[in-house]
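Step one of this worksheet: look at the structure below.
In what follows, every chain begins at residue 1, and chains take the letters A, B, ... in the order their sequences are listed. As the structure is a prediction and not an experimental result, all values here were calculated from the model.
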Number of protein chains: 2
Amino acid sequence: MMNRLPVAERREQLIEAALAVASRDGIDAATVRAVAAEAGVSLGVVHYCFQDKDELLRAMAHAITAANLERSLGELPVEKEDPESVIEGIIDALWTGIKESRGPQLLSYELTTSSLRHSELNQVAIEQYRGQWAAAEQVLNLVERSAHVGWSVPRGTLARTIVAVVDGFSLAWLVDGDSEAARSGLQGFGRFLATMAVPAPVDADAAATPA
Amino acid sequence: MMNRLPVAERREQLIEAALAVASRDGIDAATVRAVAAEAGVSLGVVHYCFQDKDELLRAMAHAITAANLERSLGELPVEKEDPESVIEGIIDALWTGIKESRGPQLLSYELTTSSLRHSELNQVAIEQYRGQWAAAEQVLNLVERSAHVGWSVPRGTLARTIVAVVDGFSLAWLVDGDSEAARSGLQGFGRFLATMAVPAPVDADAAATPA
DNA sequence: ACTTGACTTGGACAATCGACCAGGACGACC
DNA sequence: GGTCGTCCTGGTCGATTGTCCAAGTCAAGT
């Protein structure tokens with residue numbers, strides 16, 4: 001009944017099916033049977049493409065982490081203005097992206113907690129956060145170049161704070177659905193972030209020096 | 001083999017057993033059998049005391065929420081100083097409490113995500129957050145009275161921000177275990193919070209006027 | 001046409017889960 | 001001491017799960 005596909009493509013199809021099921025109905029609903037049904041293949045195919053269910057879940061976690069980062073870093077507005085405006089634009093774009101992906105966002109938190117409990121998913125959570133911290137640092141880089149500023153506190157500390165605040169507001173929004181409160185709360189944090197910006201030494205743009 | 005107890009006391013014992021199992025091994029490990037074994041009773045007792053497994057989980061969620069709030073609001077240092085010092089003391093006490101309860105903290109996030117997926121636990125997450133927001137407002141009240149200040153932004157907004165930031169840093173700490181980064185990050189937020197404090201009009205304590 | 005290898009099918013299995021039940025044990029009260 | 005209601009026991013049931021497997025199907029190469 002189903003088209004025949006090389007195993008590599010079938011794997012990607014199953015990963016997307018798992019992502020669809022888990023985003024819609026939760027990580028516990030992503031059983032082998034549900035994923036197979038979502039993909040329109042029969043039960044055995046999953047274990048033909050993946051050794052374990054855990055291997056499938058790890059692949060799914062890797063996929064959603066990559067998708068989240070791409071979404072966060074993809075649509076960044078680049079205008080050269082004062083730090084407040086640059087940060088405000090970034091936060092608006094970021095929050096718009098989050099608001100439109102409630103299911104995957106909730107799934108990300110489910111994956112984080114599951115990773116912290118089950119040793120088979122050991123690396124999932126830390127990889128999620130390493131990626132998010134790196135993405136936050138790239139956002140800081142963008143603000144630096146756009147607004148010609150530096151930072152009065154270490155970048156790593158700032159990046160960790162950004163991720164924590166976005167996570168916290170997102171989680172609260174998932175619970176009570178008040179997206180306006182989340183947006184304005186994030187903008188308030190953005191104004192705080194702007195106070196951390198200090199004018200950059202001239203010609204700092206092309207200085208691609210430090211690690 | 002087991003002492004006979006009135007059903008009310010047995011319920012509380014089972015709730016604590018469920019709390020112990022779920023804090024140690026995760027919410028998925030809190031099966032009816034595991035809870036019964038932890039409490040040292042046999043399988044049927046659980047369904048004698050609770051209609052469902054879901055009723056047990058709801059009771060457990062209510063218990064851990066109450067415990068978290070009691071822990072947060074219980075050990076608040078009360079010294080009359082400048083806002084920065086008062087906030088710094090509160091954050092240190094708060095973080096010390098969180099740091100010493102990793103299992104229950106992780107369980108709280110598991111309950112939040114589970115509540116958002118399973119309709120049987122519908123009310124759990126929102127009750128968690130309503131409690132936390134109210135607790136944050138009480139903390140703001142404490143700062144007001146201790147340091148004689150008011151706030152330049154609405155209290156509800158501020159409370160939501162506090163909960164979001166604490167949640168975000170806690171979640172990151174659960175993942176990478178860097179408690180020093182969490183503590184210093186929270187202190188950085190505390191200094192931001194202090195900038196939101198404005199000197200209170202004299203005798204403003206009893207003024208419960210504006211919205 | 002036939003073989004080979006890749007891919008698919010759907011059933012079977014043991015394990016685990018929540019739920020349920022018939023009966024035993026215990027204490028209180030008449 | 002007998003009766004009754006409360007509480008406890010441990011087995012059983014059906015449903016769901018991950019895993020495995022023997023057989024089937026199809027396209028490509030000889």
Side-chain angles (χ1 to χ4, degrees), chain A residues 1-19 21-22 24-61 110-111 114-115 117-122 124, chain B residues 1-19 21-22 24-61 110-111 114-115 117-122 124:
Chain A
M1 172 180 280
M2 194 57 202
N3 295 340
R4 293 168 69 89
L5 283 181
V7 58
E9 298 183 22
R10 186 66 79 197
R11 274 178 63 107
E12 294 191 8
Q13 182 199 2
L14 289 173
I15 291 172
E16 289 204 24
L19 215 46
V21 174
R24 188 191 332 120
D25 302 324
I27 193 176
D28 291 334
T31 66
V32 175
R33 284 164 227 270
V35 172
E38 176 85 14
V41 299
S42 57
L43 183 59
V45 173
V46 179
H47 281 91
Y48 179 76
C49 296
F50 297 92
Q51 203 175 19
D52 277 324
K53 179 197 176 186
D54 298 321
E55 188 181 316
L56 169 60
L57 286 186
R58 281 192 294 266
M60 184 191 74
E110 294 183 88
L111 281 169
S114 287
S115 167
R117 291 292 192 188
H118 306 112
S119 58
E120 320 85 54
L121 303 179
N122 239 345
V124 168
Chain B
M1 173 182 279
M2 193 58 200
N3 295 339
R4 293 168 69 88
L5 284 181
V7 59
E9 299 184 22
R10 186 66 79 195
R11 273 178 64 106
E12 294 190 10
Q13 181 197 2
L14 289 173
I15 291 172
E16 289 204 24
L19 216 47
V21 174
R24 188 193 331 120
D25 300 325
I27 193 177
D28 293 334
T31 66
V32 174
R33 285 165 225 270
V35 171
E38 177 85 15
V41 300
S42 55
L43 185 57
V45 173
V46 179
H47 282 92
Y48 180 76
C49 296
F50 297 91
Q51 202 175 20
D52 277 324
K53 181 198 176 186
D54 298 319
E55 188 181 316
L56 169 60
L57 286 186
R58 281 192 293 267
M60 184 191 74
E110 294 182 89
L111 281 169
S114 287
S115 167
R117 291 292 193 188
H118 307 321
S119 59
E120 319 86 53
L121 304 179
N122 237 345
V124 168

Task: side-chain contact (heavy atoms from CB on, under 4.5 Å) against A/Asp25, all qualifying residues, sequence neighbours excluded - done: A/Ala29
Length of the line joining [X]:[atom1] and [N]:[atom2], which is rounded to integer Å:
X: B/Arg33; N: D/dG10; atom1: CZ; atom2: C1'; result: 11 Å
X: A/Ile27; N: D/dG18; atom1: CD1; atom2: P; result: 12 Å
X: B/His118; N: C/dC17; atom1: NE2; atom2: C1'; result: 14 Å
X: A/Leu5; N: C/dT9; atom1: CG; atom2: C1'; result: 15 Å
X: B/Gln13; N: D/dC7; atom1: CD; atom2: C1'; result: 13 Å
X: A/Asn3; N: D/dA27; atom1: CG; atom2: C1'; result: 13 Å
X: A/Arg11; N: C/dT8; atom1: CZ; atom2: P; result: 13 Å
X: B/Leu43; N: C/dC21; atom1: CG; atom2: P; result: 14 Å

TODO: Taking side chain to side chain donor-acceptor pair (under 3.5 Å) as the test, write out the residues that go with A/Arg24, two or more places apart.
DONE: A/Glu38
Hey, what are the protein-to-nucleotides 24-27 of chain C N/O distances that come in under 3.5 Å?
| from | atom 1 | to | atom 2 | distance (Å) |
| --- | --- | --- | --- | --- |
| C/dC26 | O2 | B/Arg4 | NH2 | 3.4 |

Task: Members of residues 44-58 of chain A that approach DNA chain D, where some heavy atom sits under 4.0 Å away - done: A/His47, A/Asp52, A/Lys53
Nearest 0.5 Å please: distance from the [atom1] atom of [X] over to the [atom2] atom of [Y].
X: A/Arg58; Y: A/Asn122; atom1: CZ; atom2: CG; result: 10.0 Å
X: A/Asn3; Y: A/Gln13; atom1: CG; atom2: CD; result: 9.0 Å
X: B/Met60; Y: B/Leu121; atom1: CE; atom2: CG; result: 8.5 Å

Open item on the list: So, OP1 or OP2 of C/dT8: does either fall under 4.0 Å of a side-chain N or O from A/Arg10?
Closed with: yes
Tell me which donor-acceptor pairs under 3.5 Å the side chains of residues 39-46 of chain B have, and how far apart each pair is, sequence neighbours excluded?
none

Open item on the list: For a quick check of understanding: with a heavy-atom distance under 4.0 Å over all strands, which category does A/Ser42 fall into, base, sugar-phosphate or nothing?
Closed with: base
- [ ] Can you see which heavy atom on A/Val7 is nearest to which on A/Cys49, and at what distance?
- [x] CG2-SG, 4.0 Å
Just distance, no hydrogens or angles: give the donor-acceptor pairs under 3.5 Å from side chains in residues 30-37 of chain A, sequence neighbours left out.
| from | atom 1 | to | atom 2 | distance (Å) |
| --- | --- | --- | --- | --- |
| A/Thr31 | OG1 | A/Ala34 | N | 3.1 |

Task: Side-chain touch A/Glu120/A/Glu55, heavy atoms, less than 4.5 angstrom - done: no
